[in-house]
Amino acid sequence: MLIGGKNNIMKITKIRSREGWIMAEKVSIVTLQEMKANGEKITMLTAYDYPTALLVDRAGIDMILVGDSLGMTVLGLDSTVPVTMEDMLHHTKAVMRGVQRCFVVADMPFMSYNITREEAIRNAGRLVKEAGAHAVKLEGGTEIAPTVKAIVDAGIPVLGHLGLTPQTATKLGGYKVQGRTPEAAQKILEDARALQQAGVMGVVLECVPEALANEITGMLEVPTIGIGAGAGCDGQVLVFHDMLGLFDRFQPRFVKRYRNLAAEIVAALQEYKDEVRRGVFPAEEHTFR
Ligand code: KIV
């Protein structure tokens, strides 16, 4: 359903909340742009499956990233590098089945956009057409700007990603803060400008000093979404498993752990084991006569 005047068209969706069915505005690129203009912070979290997408959408988060971080958090890989197009399609499809209001961005995996522009458009198209994503995300700056422009020209919204770009972390010397020297900061500023010129709908800034993130946020017309980039960005993104304590192989300094769900889950599983062993579960109410 569409409502609003000429300059204020909103897509309205019916959402099932705890209070029953309610009408809510579907998040679009226009919503995100307006949020930047009004100084309203944008919230984004990763999700890789249907139940997580349901929870993130129900919580009123604005954007979901089907991040290639799924390589580590749900596939048990050591990095995002081995993640494939098939992995991303599979997980994005599951997420889309759980989403009613969120704007969903799917990561383009390493080497799915780096070989030829045609291949990049084809792969971006698959994430939108087959899996239903609203936009795709690519890592890199000036060097991938022509590819970004080609994807945008094909009609697919692109979110940029600058600073620490995990797919090329080896080239960057590891998972480190980027843009600390004046030359490195200048390069990231130029990258941000090049991405905006190429037509991105926004830029993720990962692990950069706050002052640099603030300068980029002030310079760009499109929203910046920070992760380890300070509080001045237009929005923030975190990995779902990190912020809920479901992934504890390592914890970057920029992560705030809102819950320790791993400990709660293990406690529940041990309770189940104990009750089965003692014959307490299943009880009368779980038993058919
Ligand atoms: O894959 C991912 O989760 C990401 C975020 C860290 C921004 O790219």
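A quick note: this is a predicted structure, and the numbers were derived from the prediction, not measured. In each ligand, atom 1 is the first atom listed, and ligand 1 is the first ligand listed.
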Derivation and outcome, side chain to side chain donor-acceptor pair (under 3.5 Å), residues Tyr48 and Thr46: CA-CA 7 Å; Tyr48 315 113; Thr46 62; 3.2 Å; yes
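At a heavy-atom distance under 4.0 Å, only side-chain atoms of Thr46, from C-beta outward, approach ligand 1. The side chain of Asp107, and not its backbone, has at least one atom closer than 4.0 Å to an atom of ligand 1 (non-hydrogen atoms only; side chain from C-beta on). Only side-chain heavy atoms of Ile227 come within less than 4.0 Å of ligand 1; its backbone N, CA, C and O stay farther off.
Comment: Asp57 does not engage Arg101 in a salt bridge, judged by the lack of any side-chain N to carboxylate O separation of less than 4.0 angstrom. Salt bridge Lys187/Glu143: present, at least one basic N to carboxylate O contact under 4.0 Å.
Distance from atom 3 (O) of ligand 1 to its nearest protein heavy atom, with residue and atom name: Ser69 OG, 2.5 Å. Protein heavy atom in closest approach to atom 8 (O) of ligand 1: Lys137 NZ, 2.9 Å.
Listed by number with element, the atoms of ligand 1 under 4.0 Å from a non-hydrogen atom of Leu65 are 2 (C), 3 (O), 4 (C), 5 (C), 7 (C), 8 (O). Within the listing of ligand 1, atoms 1 (O), 2 (C), 3 (O) sit less than 4.0 angstrom from a heavy atom of Gly67.
Among the candidates Leu189, Thr217, Val177, the single residue satisfying the side chain to side chain contact (heavy atoms under 4.5 Å, CB included) test with Leu212 is Leu189.
Between Tyr48 and ligand 1, a contact under 3.5 Å exists for no N or O pair. The N/O atoms of Glu139, backbone and side chain alike, include none that comes under 3.5 Å of an N/O atom in ligand 1.
The side-chain contact (heavy atoms from CB on, under 4.5 Å) test applied to Pro146 returns Arg117, not counting sequence neighbours. Under the side-chain contact (heavy atoms from CB on, under 4.5 Å) criterion, Met243 pairs with Leu45, Leu238, Tyr258, sequence neighbours left out.
By the 4.5 Å heavy-atom criterion applied to side chains, Lys137 and Val204 are counted as neighbours.
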